[in-house]
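Read through the structure below, which is laid out as structure tokens, and then see the notes.
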Amino acid sequence: MVPADQGGGVMRTALLTDPIDGLDEALAAVDAFDRALVGGLLRPRPTQAAGAAELADAVAGTPLASRAAEAAGKAAAGAAGEDHFVALAAARTALLGSVHDALMTRVDEATGRSRVEEAAPPPAERRTANVSAAARSWLSDLARAGWQGIDHELVSGAAQVVSAMLADPALRRQATLLDGFAAELAASCPGATLERIPVRRWADLWSRAVLLTLPGAAEVSAPGTATGRLLPLGVDVHEHATAAQAQVHAVFEPADGTAPRLVRAAVSVPKPDTVVEAGVWQLLRPHMALLAAVSEGRSMDLSGMPVTAEGDLIWNDDLARPGGPADAFATARVAMAAATAAAAAPLDRHPARIAEPVFLEGYTVREEDGSLLFEVAGHPVAVDTDRIPTAGPLTPEAVEASGACIGLLRWDAGIFSVQPLAVERTVRKKAVAVHGGGWAGGTADKAGLRAEKAATDAVTVLRERAGRLLRK
């Protein structure tokens, strides 16, 4: 274990297993409402009505109290309208936001990391879009039907809404969410035959989509700018049947000599479901030169790169150029301890979105009930190997043989765990680093080359088919 003043990402690991007051009660209220959505709120049974009431009771001491109580009453009577569904979604989001904040307080205590929350100015303009109202109407119909009541006719109602949203750049964030959500629901139709329903996930997607339809909800304040050196730590890959995203976690050292910051830079692309694993890099690479720098182990020099108050770089290749060599493990050991972190935006405060860069070293690895654990300073830390992307050379076997790890601290199913982004292991008495994003900018690795060739063939076929369709 590396002490916090020498680069360690997790110092007091015992804090990660200590109970947090009120956490279980808040999650129980969320779960009660989520179960109500399974059967739908058109003709709610007594247990479903009780679930909505429990959610309202949980926010009784907040500014949402009266609206949530009214919405729960209407839902119990099967008479909830769009405004009532908005109030219930807001109450659920607020509860999960409180859980997120409590967990992040514990993370900061464990890592010794300071967090900065900037008071962002309000958006310059707010507008109401008819298409957002159409989306809210569709989402209300989903809540009435419930996950067991979905069918292809109901789910297909999102198609026109998504198409209209995609035409407006300001609404593409909502469009991507709705498109992916509708695709998941369509693949599960009819809901009455489902043996297993992802209750928490679909309720998360539903409530977030509902709130993003409100005027101003998806707008952000004007970003600041970042000029200085960017030192990549690792890449987290998110893949869905209809979209893929690569998110680079890094330490940013400002040119003015102020304290370094933890930042992220992400690139997202739509994709067909036939392009998987290493194939996603071919879709992502053209949009972000940073991916090549990650593969080559180099820094990047930024000049006026836009950055949000939450630490997200709005990437523009024209504002970045390759820098000198930058070993991710050297960055983790030396620079990460002094880096401050940004607080999450209000709508992003959710336990599932916790992904805090940490560095662990000197641990022992053991297996328990089929899962890997890092034994750190006498305390076990779960290792989430299921999140390791198949689009890179990092494998669970490499993690098991490692002695140092750069990862993301996450929270799920009641426990903290580490998602490895890169590990260091000893091969022939030499330290060898294995990065999950090692193939991001291209590779000479044999396994990577085979995966690239298969992906290239699939992408070529799809482009040819698309070209023929366009020519028609």
Side-chain angles (χ1 to χ4, degrees), residues 9-10 12 15-34 54-56 58-64 68 87-120 173 177 198-212 214 217-218 220 236 238 245 247 249 261-264 266 308-312 340-358 381-382 384 387 407-419:
V10 177
R12 301 164 64 190
L15 289 174
L16 299 180
T17 56
D18 287 349
I20 298 175
D21 292 341
L23 192 72
D24 292 340
E25 292 82 356
L27 290 173
V30 171
D31 288 339
F33 176 71
D34 292 355
E54 187 172 342
L55 177 69
V59 296
T62 75
L64 289 170
L88 292 170
R92 184 183 184 279
T93 301
L95 269 184
L96 286 171
S98 70
V99 171
H100 169 278
D101 289 351
L103 291 169
M104 287 307 301
T105 297
R106 183 58 54 85
V107 168
D108 290 343
E109 291 173 352
T111 61
R113 185 167 292 160
S114 60
R115 196 163 301 276
V116 179
E117 184 163 8
E118 297 183 16
R173 180 183 181 188
L177 173 59
V199 178
R200 173 69 66 80
R201 174 173 172 79
W202 283 359
D204 281 343
L205 294 172
W206 176 82
S207 56
R208 183 171 178 81
V210 167
L211 295 184
L212 286 176
L214 300 178
V220 295
D236 185 20
H238 307 151
Q245 181 188 70
Q247 188 175 59
H249 290 263
R261 291 184 284 166
L262 290 174
V263 296
R264 299 174 295 265
T308 69
E310 293 77 37
D312 290 296
T340 61
L347 284 184
D348 292 342
R349 287 184 159 113
H350 188 292
R353 294 180 68 90
I354 293 175
E356 194 69 11
V358 292
V381 178
D384 191 351
R387 283 183 177 268
L408 298 177
L409 188 63
R410 293 187 177 274
W411 188 88
D412 188 29
I415 63 169
F416 283 102
S417 63
V418 173
Q419 172 197 340

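A quick note: this is a predicted structure, and the numbers were derived from the prediction, not measured. Throughout, residue positions are numbered sequentially from 1 according to the sequence presented.
- A pairwise comparison of heavy atoms in H249 and A355 identifies CE1-O, 3.9 Å as the closest pair.
- Side-chain contact between L96 and T93 is absent, with no heavy atoms from C-beta onward closer than 4.5 Å.
- Taking CH2 from W411 and CD1 from I20, the interatomic distance works out to 8.0 Å, rounded to the nearest 0.5 Å.
- Between R387 and D384 there is a salt bridge, with a side-chain nitrogen of the basic residue lying less than 4.0 Å from a carboxylate oxygen of the acidic one.
- A heavy-atom distance below 4.5 Å is not found between the side chains of H350 and R208.
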Inset, instruction - Could you walk me through whether V99 and L23 pass the side-chain contact (heavy atoms from CB on, under 4.5 Å) test, one step at a time? - result: CA-CA 6 Å; V99 171; L23 192 72; 3.2 Å; yes

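- Heavy atoms from other residues, nucleotides or ligands lying under 6.0 Å from CG of D18 number more than 12.
- The two atoms that bring A110 and L16 nearest to each other are CB-CD2, 3.8 Å, heavy atoms only.
- Salt bridge status for E356 with R410: absent, with no side-chain N to carboxylate O gap under 4.0 Å.
- Nearest heavy-atom pair, A91 versus A68, reported as atom, atom and distance to 0.1 Å: CB-CB, 4.3 Å.
- The two residues A342 and G311 come nearest to each other via the heavy atoms CB-N, 3.9 Å.
- Heavy-atom minimum distance, E54 versus A32: OE1-CB, 3.3 Å.
- Looking at heavy atoms from C-beta onward, L177 lies out of side-chain contact with R173 at the 4.5 angstrom threshold.
- Atom CG of L103 sits about 13.0 Å away from atom CZ of R349, to the nearest 0.5 Å.
- For the pair L408/V418, no side-chain contact is recorded, criterion being any heavy-atom separation below 4.5 Å from C-beta on.
- In this structure, OG1 in T111 is found 12.0 Å from CZ in R106, a value given to the nearest 0.5 Å.
- Between F416 and V107 the shortest side-chain heavy-atom distance falls below 4.5 Å.
- The distance from the CG atom of L55 to the CG atom of D31 is 11.0 Å, given to the nearest 0.5 Å.
- V381 has its side chain out of reach of S417: every pair of non-hydrogen atoms, C-beta onward, lies at least 4.5 Å apart.
- Residues R200 and L27 meet the side-chain proximity criterion, which asks for heavy atoms closer than 4.5 Å.
- Between the side chains of R92 and S207, a donor-acceptor pair is found at a separation under 3.5 Å.
- With sequence neighbours excluded, the residues satisfying side chain to side chain donor-acceptor pair (under 3.5 Å) with W202 are E184.
- The CG atom of D34 sits 7.0 Å away from the CG atom of D204 when rounded to the nearest 0.5 Å.
- Counting only heavy atoms from C-beta outward, the side chains of L262 and T340 never approach each other to under 4.5 Å.
- Comment: R113 does not engage D108 in a salt bridge, judged by the lack of any side-chain N to carboxylate O separation of less than 4.0 angstrom.
- Annotation: the span from R115 atom CZ to T105 atom OG1 amounts to 9.0 Å, rounded to 0.5 Å.
- Of all the heavy atoms in A266 and Q245, the pair that sits closest is CB-NE2, 3.9 Å.
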Inset, instruction - Go through the steps for R264 and D236 under the test side-chain contact (heavy atoms from CB on, under 4.5 Å), then give the verdict. - result: CA-CA 10 Å; R264 299 174 295 265; D236 185 20; over 6 Å; no

